[in-house]
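The next block holds one structure in the form of structure tokens; read it before the comments.
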Amino acid sequence: MGALCRSVVVKRELSRKAKLSIYRSVYVPTLTYGHAEEGNIEYKLKLVNPTQNRFEHLATQMKWRLQEGRGEAVYQIGVEDNGMLVGLSEEDMRASLKTLHRLAEKVGADIAVLRERELDCDSDVPRKIAEVLIRKVPDDQQFLDLRVAVLGNVDSGKSTLLGVLTQGELDNGRGRARLNLFRHLHEIQTGRTSSISFEILGFNSKGEVVNYSESRTAEEICESASKMITFIDLAGHHKYLKTTIFGLTSYCPDFAMLVVSANTGIAGTTREHLGLAMALKVPIFIVISKVDLCTRATVERTVRQLERVLKQPGCNKVPMVVSSTDDAVTAAQQFAQSPNITPIFTLSSVTGESLDMLKVFFNIIPPLSNSKEQEELMQQLTEFQVDEIYTVPEVGTVVGGTLYSGICREGDHLVVGPTELGQFHKLTVGSIQRNRSACRVLRAGQAATLALGNFDRSLLRKGMVMVSPEMDPTICWMFEAEIVLLFHAKTFHKGFQVTVHIGNVRQTATVEAVYGKEELRTGEKAVVLFKFIKHPEYLKVGAKVLFREGVTKGIGHVTNLQPISHHHQHFHGQDEKA
């Protein structure tokens, strides 16, 4: 038997280098997850003419795998439970795929063959293994939804890449594709994004992009998509850094896509954006754009430069260059499994080179949280973080944001706050929209806009929360956080003022005390007491803290709150019918 047909049982303890060499040299489905009872990967040696009883068992198993992957599962055919690559004859493979089609039909799912591979065996009969994606949108929602924050230095090609991905037309080399994305006149004039914009890329159950037919509106894309990638296009320019941080902390992206221009390499805010994503523990993958503008050697140099940065002790990432569709499938699975793996794509928005690999990656990438974590969050009380506030003609006040926990339905009675006095106001939720299409029920982790009818907009601000009245939320002026000072020109001490980012909260705070030390220097840790300057905020212990002031930067987490005790009698009755 050839090398690939021997038992390949890969232990997790493999050194990182050994792992990498395996990733690059052979196709080993086992590597993607190791055999696990949990997760959405199922190994099957063969599925030829199962008995009725066995068929029912397989259907139940498929439902369970789909639930684990929140609507997606990957079946690997021709692989034993222990990960041994056995392979099937052409005839057995055809029969197994036919059974898989019948199973998918029974549970109401669609299937798409991701890749078929002939094994390098010594036997006379060619033997194959196949990897199949099975997708079924859960009954209680319209589509699977993943959020990707798009980071990168100014002029790295972020908006152009999103324009090309979501509109389906290549760029003309002078930025035509990105014009579709800009929201403000000055953005069109300068070609630079200053605000946060959202773009959507929809895939149907067979893995085809649904954006590209004639003048698709967002509503139509949502209706025909079973998987939706929402891109949060963040500003690359240094002066808009606070907008970028707000996007990363408050929109809770599942992944971050760092776009690097092949001809300029790691420039400007690139390192800062990479550091932010890592500080906030957002899994990151990299797209090197504009490869049409430079030689192969320049592209290689940029790739090597990135690999060096990723391998530094502070990063500890394992770069994985994607150079084929096969790599893209493996990358999507490895990336979801191990936060250290960092896929790197090299592509052009003008020639379209390697764009398909990125689409394959987006189509397959699974959600990070499993169904159990999602269930637990949904059983908690409702908490919606307010990130945006609008007034819409004939609808009234509308808030945009993310449902952190619980479930939210039309007609729910919630309270919103805290105000400058630490009060909460009653309100009623009107209609709900996700990705610009109507939605009956909002679940934990989903982003949406909620109409609040004639609720007074002046009572709202970014950073507020809408919660169940029974929650009795903790409001505080002062909080303690364990922090690490990442960079500071001089020393950090009592009386210093910084801008604090905690989830959707962004406010100036004063350092009231540095416990156990007089002052802090770069790289040092301490517990610090902060006090907000303008108004109290709703915070939770354990929330990530990011603060900055000029060149000063630090990260940490909230360890203790000093709540205002008198706030619970203040539920003000601006109970509007939306």
In chain order, what residues pass the side-chain hydrogen bond (donor to acceptor under 3.5 Å, both in side chains) check against [X], with sequence neighbours excluded?
| X | value |
| --- | --- |
| Ser323 | Asp327 |
| Gln52 | Glu56 |
| Ser205 | Asp110 |
| Asp387 | none |

CA sep, side-chain torsions, deciding dist, call: Lys544, Lys281, side-chain contact (heavy atoms from CB on, under 4.5 Å): CA-CA 10 Å; Lys544 292 190 192 92; Lys281 296 193 166 49; 4.3 Å; yes

Under 6.0 Å from the CD atom of Glu105, do we count more than 12 heavy atoms belonging to anything else shown? no

Side chain Thr402, main chain Tyr404, donor-acceptor under 3.5 Å: no

Test side-chain hydrogen bond (donor to acceptor under 3.5 Å, both in side chains) on Ser96 and Thr99 and set out the steps. CA-CA 5 Å; Ser96 296; Thr99 305; 6.0 Å; no

side-chain contact (heavy atoms from CB on, under 4.5 Å) with [X]: which residues, sequence neighbours excluded?
| X | value |
| --- | --- |
| Ile266 | Thr270, Arg271, Gln305, Leu306, Val309 |
| Thr449 | Tyr390, Val398, Gln433 |
| Met228 | Phe143, Asp145, Ile200, Ile221, Cys222, Ala225, Thr230, Asn435 |
| Leu377 | Gln380, Ser405, Ala444 |

Do the side chains of Leu310 and Ile286 get nearer than 4.5 Å, heavy atoms only? yes

side-chain contact (heavy atoms from CB on, under 4.5 Å) with Ile134: of Leu103, Val107, Leu100, Val74, only one passes, and it is Leu100

Would you please say whether a donor-acceptor pair under 3.5 Å links the side chains of [X] and [Y]?
| X | Y | result |
| --- | --- | --- |
| Asp356 | Thr325 | no |
| Asn153 | Thr269 | yes |
| Gln61 | Lys44 | yes |

Hits for ring pair (Phe, Tyr, Trp, His ring centres under 6.0 Å) against Phe255, two or more places apart or cross-chain, chain-then-number order -> Phe335

Partners meeting ring pair (Phe, Tyr, Trp, His ring centres under 6.0 Å) with Phe345 (sequence neighbours left out):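 For Phe345, the residues satisfying ring pair (Phe, Tyr, Trp, His ring centres under 6.0 Å) (neighbours in sequence not counted) are Phe361.
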
Asn363 to Arg135 - nearest heavy-atom pair and separation: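 Result for this residue pair: O-NH2, 2.6 Å.
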
Applying side-chain hydrogen bond (donor to acceptor under 3.5 Å, both in side chains), run through Asp326 and Ser324 and close with a yes or a no. CA-CA 5 Å; Asp326 210 48; Ser324 66; 5.3 Å; no

Pairs involving residues 72-110, ordered by first then second residue, that meet ring pair (Phe, Tyr, Trp, His ring centres under 6.0 Å) (sequence neighbours left out):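 Passing the test, one end in residues 72-110: no pairs.
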
If you measure from the Lys or Arg side-chain nitrogens to the Asp or Glu carboxylate oxygens, is any gap between Glu72 and Lys227 under 4.0 Å? yes

Please table the atom pairs, donor to acceptor, closer than 3.5 Å between any side-chain atom in residues 83-93 and protein atoms at least two apart or in another chain.
{"unit_1": "Ser89", "atom_1": "OG", "unit_2": "Asp92", "atom_2": "N", "d": "3.2"}
{"unit_1": "Glu90", "atom_1": "OE1", "unit_2": "Lys128", "atom_2": "NZ", "d": "3.2"}

